[in-house]
Amino acid sequence: MRKNVCGLIYAGEENLNLRELVNQRSVGALPVGGRYRAIDFILSNMVNSGIRNIGVIPRRNYQSMMDHLGSGKEWDLNRKDGGLIIIPPYDTNENYGAHQGTIDTLQGAAPFLRRAPQKYCLLASSCSVYTETYDKMFEFHMETGADITLMYSVQENASATLDRFADVRFKTDEDGRVVDMKTHGTAGTYDKVSLGIYLIKKDLLQYLLDDAASRGKYNIDTDIIMNHLDTLKIYAYEHKGYVGQLRSVASYFSTNMDLLKRDVQEDLFGSGTKVYTKIKDEAPTRYGKDAVVKNSLIGSGCIIEGTVENSIIFRGVTIAKGTVVKDCIIMQASEVYANSQLTNVILDKKVTVRPNSVLAGSREYPVIIPKGANV
Amino acid sequence: MNVKKRCVAMLLAGGQGSRLYALTQNRAKPAVPYGGKYKIIDFPLSNCIHSGIDTVGVLTQYEPLELNAYIGNGATWDLDCMSGGAYVLPPYVKGKKGEWYSGTASAIYQNIHFIEQYDPEYILILSGDHIYTMDYEKMIDAHEKKGADATIAVMEVPMAEASRFGIMNTNEEMRIVEFEEKPPVPKNNLASMGIYVFTWSKLKEYLIADNQDPNSSNDFGKNIIPTMLDNGEKMYAYLFSGYWKDVGTIDSLWEANMDLLAEEPELDLRDDNWRIYGRNLVLPPHFIGNDATVKNSIVGDGCIVLGTVENSILFPNVKVEEGAFIKDSVVMQHTIVCKNSSVTRAIVDEDVTICEDAQIGGEGKITVVGSELTIPKGAEIKEGEMLYPRAK
């Protein structure tokens, strides 16, 4: 599929509930799983599917996204032909500050789409964590003769919880054609959840974006997909493996904790699946004589001398002696000094926790300490 | 014509490292893994880029495949720059006859044209045998300041061990007056580290003369250095202090790995200003299971530890299954240690499978398991045994 499909990722969804975690970064730059940024999964999926021309549209404070992606070398996307193209947010003299939603964001990608030699575009958001190649979805798209193919995963039809914040659910007929769709539905909704990825002819995408924008519409799902269920052939293809969502603090937390399950690890990283990310040339992690570590995922370059349980520890973190970290997410280069106790805490990057501190949240409402804070 | 360089480094990486036995059966010594991530050659190459040297010739000869593939264009060490780079220089056919590198000096002699492309003032000769961090620029500056023809890095070793090294006898200005290779009764304890800076124009003369001498064994230590001393060239010792370890034997390789587990390791792999670069595999973070125990150890990316690991070094992607026990050992990448097996005081090479209930090693001599071997279920490999990999 490499020759005929380009990728387009919007990494700055704004209808999410991620609080302080996205104060200083796009959703796509959100650290996940001890090593990655959210966008690494979708970007690696595309690369593993043979897609070599990928545009990424960040939003807001996109310095951290730029810093992460660089030339695209780590994803093998520093190509002479195509490769990684970062598309800056769309602000021109004509539409200064007019941004209302994803469609406005995608307007900025018009030149990328115009120039891409590929016939199809795989349009994706960056707030889902899963690994998959899109070859079978592409075959399905060709077989069904669909105008647009979405990917979904079946998730139980639970009542609205914080985990399900702003998800998009739909119903299909027996051929896989989407017949109804709801977003953030609370009652009597469906069990097929969109992964926010759309396979579509490039020309049709451009037309639909222009058309929607000219009518003052700004949301892909509610304004384009839902409005065209009758007029376009919109099909859905199932992803059968694990999917984690990053739509709210609660789902961010539970997605990270899911990565402690062996079957989820196997699903995401097993059988040679490669998830690429920025290389940091860290030394391997060092455990001290008194370290006690249980059920935890730990990045490189850490120094662990205390106790760590059921936690995700990113690269270059220090956990000092006598400190107990339970059910926590500790992002890159944070340091927790001696004899502290952390439970259900998210430490953003480069946080320092002084000795003898006690921080505790709950699973639904973890304590979030923002980037660089000195607690 | 390339840009003129102040200094070009030539890294002698053709050595077999025969005293590493099974570990160097299918790879050259500089490609031997170390420290849970690195290869020996990562140290001199990282030192080069941090010392402002961006042009490095890597001289290979013995089992070059792994090393050639590893070095590539030098991007791992940030050496893939426009005006320099890392160049693998194997022996090659010239005119009608081919010639192997008969000694360290011959390896440099045969690549004179490579060096000349950069018209360097100085040439830095390194070996791929040692674990250390060192700022070569300071040594080159010292060489330049003294107007030396040759500068040899030395370090103080315990007097009792001095007879195992090449010893430099110096005057009070650190000028070398005598060089003794492994003297039975050493006069001092300044041991050569095998790191030389030469003024290129001077070295070139000696290399050409040495090549014409049929009785020479074309070696820096045996021929070039003694001849230069005899001729009264200005040769200085440059005193280095810090961690430096020759990892030429099984015991010293094991010890050098264990040195990293000291309370305050002498070798700092976490210095942000002197990062040791090495190949990074695409792997997830490592996972420590619910019933696992990990104490005083180093663990690489992608490892899955469900058993017990104590005082050991695990390279990337090692799997330690439930009930498995690893102590005082070095386990290299992609190795699987199955349920209820044990590994004690051993070096286990890459891609080994240790099946259930097998026991490797004991409390005495170091045991070595060569790469890609499968140790059958319940097998017992006694302490001090050396299992060779299949020759390729």
**Request:** Decide if the gap between the ring center of His286(B) and the ring center of Tyr287(A) is smaller than 6.0 angstrom.
**Result:** yes
**Message:** Shorter than 4.5 Å, heavy atoms on both sides: which option in Gly288(A), Ser296(A), Ser300(A) has the most such pairs with chain B?
**Reply:** Ser296(A)
**Item:** Asp290(A)/Lys295(B) salt bridge by N-O under 4.0 Å criterion
**Value:** no
**Asn290(B), part contacting chain A, at a heavy-atom distance under 4.5 Å** = both
**Request:** Quick one: pull up CD1 in Ile276(B) and CG in Asp281(A) and give me the separation to the nearest 0.5 Å.
**Result:** 10.5 Å
**Prompt:** In Å, rounded to the nearest 0.5 Å, how long is the span from CG of Leu269(B) to CZ of Arg286(A)?
**Reply:** 10.5 Å
**Prompt:** In terms of heavy-atom proximity below 4.5 Å to chain A, should Asn311(B) be classed as side chain, backbone, both, or neither?
**Reply:** neither
**Item:** Ionic contact status for Lys289(A) with Glu263(B), cut-off 4.0 Å
**Value:** yes
**Request:** Measure the OH-CD1 distance between Tyr277(B) and Ile279(A) for me, rounded to the nearest 0.5 Å.
**Result:** 12.0 Å
**Item:** Toward chain A, the part of Leu261(B) with a non-hydrogen atom under 4.5 Å
**Value:** both
**Request:** Give the intermediate values and the outcome of side-chain contact (heavy atoms from CB on, under 4.5 Å) for residues Asn280(B) and Glu74(A).
**Result:** CA-CA 10 Å; Asn280(B) 294 282; Glu74(A) 278 110 345; over 6 Å; no
**Request:** Please look at Val275(A) and chain B and tell me whether the side chain, the backbone, both or neither of the residue comes under 4.5 angstrom of a heavy atom of that chain.
**Result:** backbone
